[in-house]
**Q** 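Just dropping this structure here.
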Amino acid sequence: MTMIKGGCQCGAVRYEITAEPMVALHCECLDCKKSSGSGHITAGAFPEAAVHIAGTLKTYASPADSGAMTTRGFCPECGGRISFQSSGIPGMLAITAGSMDDPGAISPSIAVYHKRHVAWDHFDPALPVAEAAPQRG
Ligand SMILES: [Zn+2]
Ligand SMILES: [Zn+2]
């Protein structure tokens, strides 16, 4: 049963997700700022096997603070950010909320890397925060 559908801006990459997110979060790390062009990226983490991607993502891998490699996936045509994965969390594939056809399909429950918070980037003040990563990776 498909629970969430989405894709990039140009439509070259589409996906369907057949699970609820294990967690949804805002990530305020510097790499998410660079890759999103904004103060944070919002994503849901899913079991990799529940995410069915049509089209081919281009990926870029870089080391996180933890030393784990983070691989970010984006559309090679329009550059839309779709996914990320951490070598420290095998079997997890995170999908960006903004790429979902209904970006409100997931509800972030925490903001991580809050030590990189930018003053103009407001969240719900009741949202729990973590200064860095919530777990290894
Ligand atoms: Zn695209
Ligand atoms: Zn991040």
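Read the numbers this way: they start at 1 and go in the same order the structure lists the ligands and their atoms. Values below: all heavy atoms of this structure, side chains included; hydrogens, waters and symmetry mates excluded. Counting begins at 1 with the first residue of the sequence.
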**Q** Any donor and acceptor pair, going by atom type alone, linking the side chain of Lys58 with main-chain N or O of Gly73 inside 3.5 Å?
**A**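 Checked: no pair found.
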**Q** Which other residues end up in the same hydrophobic cluster as Tyr60, if Ile, Leu, Val, Met, Phe, Trp and Tyr are linked when side-chain heavy atoms come under 4.5 Å apart?
**A**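 Cluster partners of Tyr60: Phe74.
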**Q** What heavy-atom pair brings Val13 and Pro76 nearest, and what distance separates the two atoms?
**A**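 Minimum heavy-atom separation between Val13 and Pro76: CG2-CD, 4.5 Å.
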**Q** Is the distance between the ring centroids of Phe123 and His40 under 6.0 Å?
**A**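 Between His40 and Phe123, which both carry aromatic rings, the centre distance is below 6.0 Å.
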**Q** Apply side chain to side chain contact (heavy atoms under 4.5 Å, CB included) to residues Leu93 and Ile53 and explain how you reach the verdict.
**A** CA-CA 11 Å; Leu93 182 63; Ile53 295 176; 4.3 Å; yes
**Q** Looking just at side-chain N and O atoms, do Thr96 and Arg81 make a donor-acceptor pair shorter than 3.5 Å?
**A**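 Side-chain D/A pair, Thr96 to Arg81: absent.
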**Q** By residue and atom, what protein N/O/S atoms are less than 2.8 Å from the Zn ion (ligand 1)?
**A**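 N, O, S partners closer than 2.8 Å: Cys8 SG, Cys10 SG, Cys75 SG, Cys78 SG.
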**Q** Ignoring hydrogens, what is the shortest heavy-atom contact between Ala132 and Val112? Give both atom names and the distance.
**A**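 Ala132 and Val112 have their closest heavy atoms at O-CB, 3.4 Å.
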**Q** Pull up every protein N/O/S atom sitting under 2.8 Å from the Zn ion (ligand 2), skipping waters.
**A**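 Hits for the Zn ion (ligand 2) below 2.8 Å: Cys27 SG, Cys29 SG, Cys32 SG.
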**Q** Less than 3.5 Å apart, any donor N or O on the side chain of His114 or Glu131 sitting next to an acceptor on the other?
**A**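 Not at all, the side chains of His114 and Glu131 share no donor-acceptor pair under 3.5 Å.
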**Q** Please report, to 0.1 Å, the donor-acceptor pairs under 3.5 Å made by any side chain of residues 14-24, with sequence neighbours excluded.
**A**
unit_1	atom_1	unit_2	atom_2	d
Arg14	NE	Gly6	O	3.4
Arg14	NH1	Gly6	O	3.3
Arg14	NH1	Asp101	OD1	3.0
Arg14	NH2	Asp101	OD2	2.8
Tyr15	OH	Ser99	O	3.3
Tyr15	OH	Ser99	OG	2.7
Tyr15	OH	Met100	N	3.2
Glu16	OE1	Thr2	OG1	3.0
Thr18	OG1	Ala50	O	3.3
Thr18	OG1	His52	NE2	3.4

